[in-house]
Every structure is written in structure tokens, then in C-alpha cells.
Amino acid sequence: MAPEAPPSRSLFITVGSTLFEALTTTCLSAPFLSALANAGVEDLVVQYGRAQLELPPDVKVVKDEAGGGGEAVLLAGDGGELGAKVGVRVRVMRYTDDFEGEVRRASWVISHAGSGSILTALRARKPLLVVPNTSLMDNHQAQLALALDSGGYLTVSTPGRLIDALPAFLDGSSGAGHEPFPEVQKGRFASILDETAGYIG
């Protein structure tokens, strides 16, 4: 029996159901893809929500029949200077029914500051870099991200600083001190209710 292939070094980027073109445009730019290749990242998966993708001119979107008919950006080997130079396999999707699976399969996660996305990545014990969408009216997401950053659970960046933050994030130096996120205490809520109702004295 042939030995199992090692898992690829993959980065999953998610914006949830929102419009966050500052992040999606940055993560599909040539400098960003080059930074990934330089760090040894082999696969990039981008969940781009409501954005209109702005791809470099030599990158095309085709149907990914093998991946369930979703969209796939072809870079390497499909006729593009960028693809030939970068060599990062890129898959894009507007939404996914397997969000937790995408997080589990990734080596690293870059996310908008939605609480569901953050908690999923933290509970999966993935190195997490969060980019708050500062264009949102109520910026409680940025407050959540900054609080978790100050607690040592994740790293926060901005679209404008993302490429500069990549090397330290991907080599682990920015997240070397990340605290493991606490496990869910399933009985905690019930015990709080019992105590509040006076069942526990």
C-alpha cells in the first residue's frame, strides 16, 4: 500500500455572507499570491460572499467539476504568467455548505471578524488572522477581534497591512504565543440556570 500523501499547506480565507471587497481583492492580488508561494503555501481557498471577484488578467474562473461544480480559479499550468510564476492552486466559492470542513482541512485561516467564523476556527485550533470589516456601521466585530487578540487567541490585521503580516503569520512567529481557546463546557449553562433558579444552594 502506498504511503499517504502529506496534507497540503493550505490557507482558507472567509468573509461569511458579507460584502468585503477590500479583503477579497487583496487576497487574489499578485503580491498576495506571491507572498503565499514564498511561504510555501500550496493551496488557497477563498470564500468570497457577495463580492465581485477582481482577478488578475491572466487568471480565469472555470467550473470545478471535480469539486462539486463550484468555481475554481486556475493559476498554475493553465496559460498565465502569474500562474507559472506563483504556482499556488486557488479555489474560490461564493458560499459553502461545509464551512467547518473547510476550516478543518486548512493549515491556516484568515477571516472577517464574524463571531461564528472566529469561534469555528478557534475551536478547530487553527492559526487565525482576523481582518475586521471597518466599513460596517456597527463595528462590534472589530471590538470582538481586538479583545480576542489582546487575550492572545488570534492576530488582527487590516486589508492594507495584510500582505506585510503574512510572513510572520504563516511561519508562526506572530502566533507563536497564541493561547489555546477554552473548550466548550457543555454543562455550564444548565448549572448557571439551576443556580439562578435556586435549585443549587
Side-chain angles (χ1 to χ4, degrees), residues 2-16 20-49 51 53-112 114 117-118 120-131 154-155 157 159 162-175 178:
E4 190 173 312
S8 70
R9 292 168 51 86
S10 62
L11 171 63
F12 177 53
I13 299 177
T14 178
V15 302
F20 194 180
E21 287 184 330
L23 179 55
T24 53
T25 299
T26 299
C27 73
L28 291 169
S29 69
F32 186 90
L33 294 171
S34 293
L36 293 185
N38 291 339
V41 174
E42 299 167 297
D43 292 286
L44 171 64
V45 179
V46 181
Q47 182 271 309
Y48 63 94
L53 292 184
E54 293 183 30
L55 300 174
D58 58 347
V59 175
K60 60 182 178 178
V61 178
V62 300
K63 285 294 181 188
D64 177 17
E65 303 303 337
E71 292 173 288
V73 178
L74 298 185
L75 295 179
D78 281 278
E81 284 295 308
L82 178 65
K85 289 178 184 172
V86 175
V88 176
R89 290 181 298 267
V90 181
R91 184 165 52 96
V92 297
M93 63 189 76
R94 191 171 292 280
Y95 303 106
T96 177
D97 292 331
D98 188 24
F99 182 77
E100 289 185 10
E102 294 292 350
V103 169
R104 255 191 333 272
R105 288 185 288 274
S107 307
W108 305 271
V109 176
I110 295 177
S111 176
H112 71 128
S117 298
I118 288 174
T120 299
L122 290 176
R123 288 185 175 142
R125 303 277 194 247
K126 298 297 177 175
L128 178 60
L129 191 151
V130 173
V131 182
L154 51 80
T155 302
S157 188
L162 187 56
I163 293 172
D164 292 334
L166 266 181
F169 172 63
L170 295 172
D171 75 13
S173 58
S174 73
H178 280 181

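Note that the numbering runs from 1 along the sequence shown for the chain. Just so it is clear, the values below take in all heavy atoms, side chains as well, and ignore hydrogens, waters and symmetry mates.
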Which value, rounded to the nearest 0.5 Å, describes the distance between [X] atom [atom1] and [Y] atom [atom2]?
X      : Y      : atom1 : atom2 : answer
Arg9   : Leu44  : CZ    : CG    : 13.5 Å
Leu154 : Lys126 : CG    : NZ    : 15.5 Å
Ile163 : Ser29  : CD1   : OG    : 4.0 Å
Ile13  : Thr24  : CD1   : OG1   : 9.5 Å

Minimum heavy-atom distance between [X] and [Y], given as atom pair plus value:
X      : Y      : answer
Ala124 : Val103 : CB-CG1, 3.8 Å
Ser157 : Ala165 : OG-CB, 3.9 Å
Leu36  : Leu11  : CD2-CD2, 3.6 Å
Ile118 : Leu128 : O-CD2, 3.9 Å

- Message: Using only atom types and a distance under 3.5 Å, with no angle test, would you say the side chain of Ser111 pairs donor to acceptor with the backbone of Val130?
- Response: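 No, Ser111 side chain to Val130 backbone: no donor-acceptor pair under 3.5 Å.
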Quick check: do [X] and [Y] have side-chain heavy atoms less than 4.5 Å from each other?
X     : Y      : value
Arg91 : Asp43  : no
Arg94 : Tyr48  : yes
Val15 : Val131 : no

- For Ala22, check side-chain contact (heavy atoms from CB on, under 4.5 Å) against everything at least two apart and list the hits.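 side-chain contact (heavy atoms from CB on, under 4.5 Å) check on Ala22 returns Phe20, Pro159.
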- Could you tell me which residues satisfy side-chain contact (heavy atoms from CB on, under 4.5 Å) with Arg105, sequence neighbours excluded, listed by chain and number?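 Residues passing side-chain contact (heavy atoms from CB on, under 4.5 Å) with Arg105: Asp98, Glu102.
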- With sequence neighbours left out, what residues match Phe99 under ring pair (Phe, Tyr, Trp, His ring centres under 6.0 Å)?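 Result, ring pair (Phe, Tyr, Trp, His ring centres under 6.0 Å) vs Phe99: Phe12.
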- Item | Non-neighbouring partners of Ser117 that pass side chain to side chain donor-acceptor pair (under 3.5 Å), sequence neighbours left out |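 Checked Ser117 against side chain to side chain donor-acceptor pair (under 3.5 Å); matches are His112.
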- Query: Excluding sequence neighbours, so at least two apart, what forms side chain to side chain donor-acceptor pair (under 3.5 Å) with Thr14?
  - Reply: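 Once residues adjacent in sequence are excluded, the partners of Thr14 under the side chain to side chain donor-acceptor pair (under 3.5 Å) criterion are Gln47.
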- Query: Stepwise, does the side-chain contact (heavy atoms from CB on, under 4.5 Å) test hold for Phe32 with Leu166?
  - Reply: CA-CA 8 Å; Phe32 186 90; Leu166 266 181; 3.3 Å; yes
- Task: Apply side-chain contact (heavy atoms from CB on, under 4.5 Å) to the pair Leu162 and Ile110, showing each step before the final yes or no.
- Result: CA-CA 10 Å; Leu162 187 56; Ile110 295 177; 4.2 Å; yes
